Every structure is written in C-alpha cells, then in structure tokens.
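Small disclaimer: the values here were computed from a predicted structure and weren't measured. Counting starts at 1 for both ligands and their atoms, in listed order. Every heavy atom of this structure was used, including side-chain atoms; hydrogens, water molecules and symmetry mates were not.
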Amino acid sequence: MANIVTFVGCFLHLLLIFVFSTVLGEWNTKDYLKREHSLVKPYQSSGMNIPMWDIIGSTMVTNNYIRLTSDHQSKSGGIWNSQPVLVKNWELHVQFRVHGTGRTLYGDGFCIWYVKDRMQLGKVFGSRDLFSGLAIFLDTYSNHNGPHNHVHPYISAMVNNGSLSYDHDADGTHTELSGCEAQFRNKDYDTFISIRYHENTLKVFTDIDNKNNWKECFSVTGVHLPTGYYIGASAATGELADNHDVISIKLYELDVPGSVNPEDYKNIIPSAEHFAEPREHVDDAPPASWSVWKIMLVIILLIIVFVVAGIVGIYFYQKHQEGNRKRFY
Ligand SMILES: *[C@@H]1O[C@H](CO)[C@@H](O)[C@H](O)[C@H]1NC(C)=O
Ligand SMILES: [Ca+2]
C-alpha cells in the first residue's frame with residue numbers, strides 16, 4: 001500500500017513538473033550534461049585514445065589541456081567529437097586558453113564548430129571552408145584595416161549551407177551574423193565561452209574576466225540548424241602564432257526529455273534570417289576619416305562659392321563697363 005502511495009505521489013509530481021515545464025516552456029532547472037559530447041579531464045582512459053574524440057593535424061594531448069596549435073608558425077589542428085549531436089536545443093561550454101610570447105603580433109585564432117563534415121584540415125582556422133553548419137570564430141588577428149575593421153580579438157558567428165566561403169582577408173565580416181570584441185588572450189586564469197542554441201536563437205556568452213559569470217556577447221534569432229552534426233574545435237597559425245588550448249567541452253541538453261524527436265530536424269538546411277548590417281561596421285571607422293571628408297566637402301563648397309561669386313562679379317563688372325561705354329558714346 002505504501003509503495004502504491006509513493007508511486008502515485010511520484011507520478012503526480014512528475015506530471016506536475018511536466019505540465020509546468022511545458023506550460024512555461026522552460027526546462028532550465030534540468031539542464032543535462034551529455035557525456036558522449038563532452039571532453040573533460042582525464043582525457044585518456046586507456047592508451048592514447050580519447051573516448052568519443054578524434055584529433056587531427058598539429059593537435060597534442062597532455063594531461064591538462066588539448067593543444068590545437070603550439071606557438072609556432074604554420075600549424076593547423078583540430079579535435080572532433082565522433083558522435084553526431086541528436087539534441088535539438090543545446091548549450092555548449094568550452095573552457096580554453098589562448099596565449100603566447102607575441103605582445104602585439106599573434107594569431108590567427110580558433111573556431112568552435114557544429115558542422116556536417118568533421119576531421120578535415122583546411123584554411124578556415126584549421127578546418128574546411130564551404131562548411132555546412134555553424135562556426136563561432138575567436139579571431140585574434142585583424143587581417144583587415146578597411147572601413148569594416150573590428151577591434152581584435154573578436155568573436156563572431158557564421159552559418160553556412162556549404163555555399164559561402166569564409167573571407168579571411170576581411171575577417172569574415174561579410175558573412176557574419178553578429179559578434180563582439182573579447183579580450184580573452186594571455187590571461188592567467190582559464191577563459192570560457194558558452195554557445196546556446198535554443199528555439200532557433202543563438203546566444204553567445206563569455207566568462208573571460210575571472211568573475212565566474214556569463215556576459216552576453218550577442219544574440220541572434222532565426223538561426224536554423226539541423227540535428228546530427230558534429231562538435232569540434234580547430235585552430236591555425238600562419239606568419240603569426242599562439243598556443244590555442246582547449247581544456248574542456250561540455251554539451252548540455254536543453255530539450256524537455258521526450259518532447260523532441262531529433263529525426264524531425266535532421267534535414268534542415270543551415271540558414272540564418274538576420275545578418276550583421278554592413279552599416280554597423282562602417283560606424284566603427286575611426287572618426288578621423290569622417291573629419292577628412294568633412295574638410296574636403298567644406299573646401300569644395302568654398303571653391304564653388306568663390307567660382308560662382310567670381311562669375312557673377314565678372315558679369316556685373318562687364319555690364320557696368322558696357323554701360324559706361326554706352327554713356328561715353
Ligand atoms: C545556400 O545559401 C546561399 C547563400 O546564403 C543561398 O543563396 C542559397 O539559396 C542556399 N541554398 C539552399 C539550398 O538553401
Ligand atoms: Ca583574422
């Protein structure tokens with residue numbers, strides 16, 4: 001009898017939680033760590049292999065960190081989860097460190113991926129271009145000094161269906177959904193980034209000031225990503241270098257358990273409804289260049305005024321002279 005009462009009590013309790021969470025559309029109290037998509041110390045359980053993760057390129061595994069590139073030129077490396085993510089709404093926490101001997105010159109940065117194709121070295125922060133899925137770039141080097149320039153290090157997002165190429169020379173500004181400046185390099189403490197993909201909204205937060213709380217970097221709605229893609233991280237150095245270290249990766253499921261069938265979302269083509277306005281970047285241009293234009297404009301206007309005044313003056317002068325001549329004759 002007592003068992004039945006406990007059972008009924010439990011059932012009602014669960015029903016209540018389910019009804020409330022459905023009504024409120026929230027399940028934040030039950031955020032659930034997915035072990036098969038997480039990378040935590042100790043990395044190697046037996047031998048050299050990390051269960052569920054594969055490394056490529058210059059990546060080196062130590063007891064305390066996964067080093068994607070060392071502080072040397074022309075390196076590319078990556079680490080990839082071998083299990084496709086069958087979770088619709090998730091939050092990914094990556095603990096990382098970017099550090100090196102360069103005081104003013106360092107690069108190029110690293111990228112956190114949720115993409116279709118894994119384990120392919122390439123020219124976009126050490127991984128393939130023309131990717132399908134989501135990229136979060138943590139770009140430490142500004143390749144570009146034009147009007148679209150950002151302060152670096154800079155975090156930005158790109159969603160691709162395989163047709164867009166990442167433009168390194170412009171730091172990806174033409175394909176960026178949103179971004180923020182983030183001084184995460186050469187810190188004595190570990191730095192964190194959170195990528196939250198929930199109800200087609202992508203939110204990125206950072207914890208890079210050793211304050212143990214998340215600060216919003218950006219939020220974009222209308223981001224469509226399928227289930228079944230892979231989590232990874234990659235980095236590259238070129239002329240400039242840095243150590244790019246990943247310490248941990250944790251993926252939390254945000255779905256209400258049993259409410260989402262991942263199969264329903266596997267055929268979505270990655271797309272984004274909102275891109276960063278090019279005008280936003282023009283506003284970033286140094287004010288000096290605007291003053292130069294203003295001065296030029298003022299000079300041109302003054303020249304026009306002088307020319308017009310001159311022409312009018314000559315015209316009246318000639319009229320006056322004619323008048324004099326007429327009177328003279
Ligand atoms: C892929 O993305 C490009 C650029 O955003 C777009 O023009 C094209 O229609 C997309 N293709 C598909 C199949 O969605
Ligand atoms: Ca760059």
Side-chain angles (χ1 to χ4, degrees), residues 68-69 71 73-78 96 98-100 102-117 122-186 193 200 202 204 206 217-218 220-229 233-244 265-278 281 284-285:
L68 304 175
T69 77
D71 193 1
Q73 292 183 329
S74 306
K75 302 277 178 204
S76 295
F96 65 94
V98 176
H99 56 111
R103 289 215 164 269
T104 53
L105 290 174
Y106 42 81
D108 291 331
F110 78 109
C111 180
I112 299 161
W113 302 94
Y114 175 65
V115 288
K116 188 175 177 179
D117 302 301
K123 67 183 181 84
V124 183
F125 295 92
S127 193
R128 64 166 282 172
D129 195 12
L130 304 173
F131 60 90
S132 276
L134 169 73
I136 303 291
F137 302 117
L138 292 96
D139 187 355
T140 47
Y141 178 69
S142 171
N143 298 69
H144 183 60
N145 285 312
H148 291 222
N149 193 23
H150 298 297
V151 175
H152 277 70
Y154 188 78
I155 299 175
S156 66
M158 176 174 170
V159 166
N160 198 356
N161 63 17
S163 72
L164 296 174
S165 182
Y166 174 81
D167 184 356
H168 248 294
D169 296 336
D171 294 313
T173 36
H174 307 300
T175 47
E176 167 189 340
L177 304 190
S178 192
C180 78
E181 182 198 333
Q183 298 298 330
F184 54 76
R185 195 179 166 272
N186 265 0
I193 181 168
N200 300 329
L202 176 72
V204 170
T206 57
C217 172
F218 61 80
V220 257
T221 56
V223 174
H224 304 277
L225 296 169
T227 51
Y229 280 12
S234 72
T237 64
E239 304 255 301
L240 305 169
D242 245 341
N243 296 299
H244 295 98
Y265 301 96
K266 73 177 200 306
N267 293 322
I268 292 173
I269 293 168
S271 68
E273 291 167 25
H274 310 289
F275 283 80
E277 294 279 334
H281 306 300
D284 291 346

Kindly confirm whether the Ca ion (ligand 2) is within less than 3.0 Å of some N/O/S atom in Ser142? no

Nearest non-hydrogen protein atom, atom 5 (O) of ligand 1: Leu164 CD1, 4.4 Å

Run the numbers for me: atoms of ligand 1, each under 4.0 Å from some heavy atom of Ile269, listed by number. 14 (O)

With a cut-off of 4.0 Å, which atoms of ligand 1 are near a heavy atom of Ser163? 1 (C), 2 (O), 3 (C), 4 (C)

For the residue pair Phe110 and Phe96, categorise the inter-ring angle as parallel (less than 30°), tilted (30 to 60°) or perpendicular (more than 60°). tilted

Measure the acute angle between the ring planes of Phe137 and Trp113, then classify it against the limits of 30° and 60° as parallel, tilted or perpendicular. perpendicular

Interatomic distance, OG1@Thr140 vs NE2@His99, rounded to 0.5 Å, equals 12.5 Å

If you scan the protein for heavy atoms around atom 2 (O) of ligand 1, do you find one that is closer than 4.0 Å? yes

Quick check: of its N, O or S atoms, which one does Asp171 have closest to the Ca ion (ligand 2)? OD1

Can you see whether Glu239 engages Tyr141 through a side-chain donor-acceptor pair at a distance of less than 3.5 angstrom? no

May I ask you to decide if the ring planes of Tyr166 and His168 are parallel, tilted or perpendicular, using 30° and 60° as cut-offs? perpendicular

To check your reading of the model: name the closest protein heavy atom to atom 11 (N) of ligand 1, its residue, and the distance in Å. Asn161 ND2, 2.9 Å

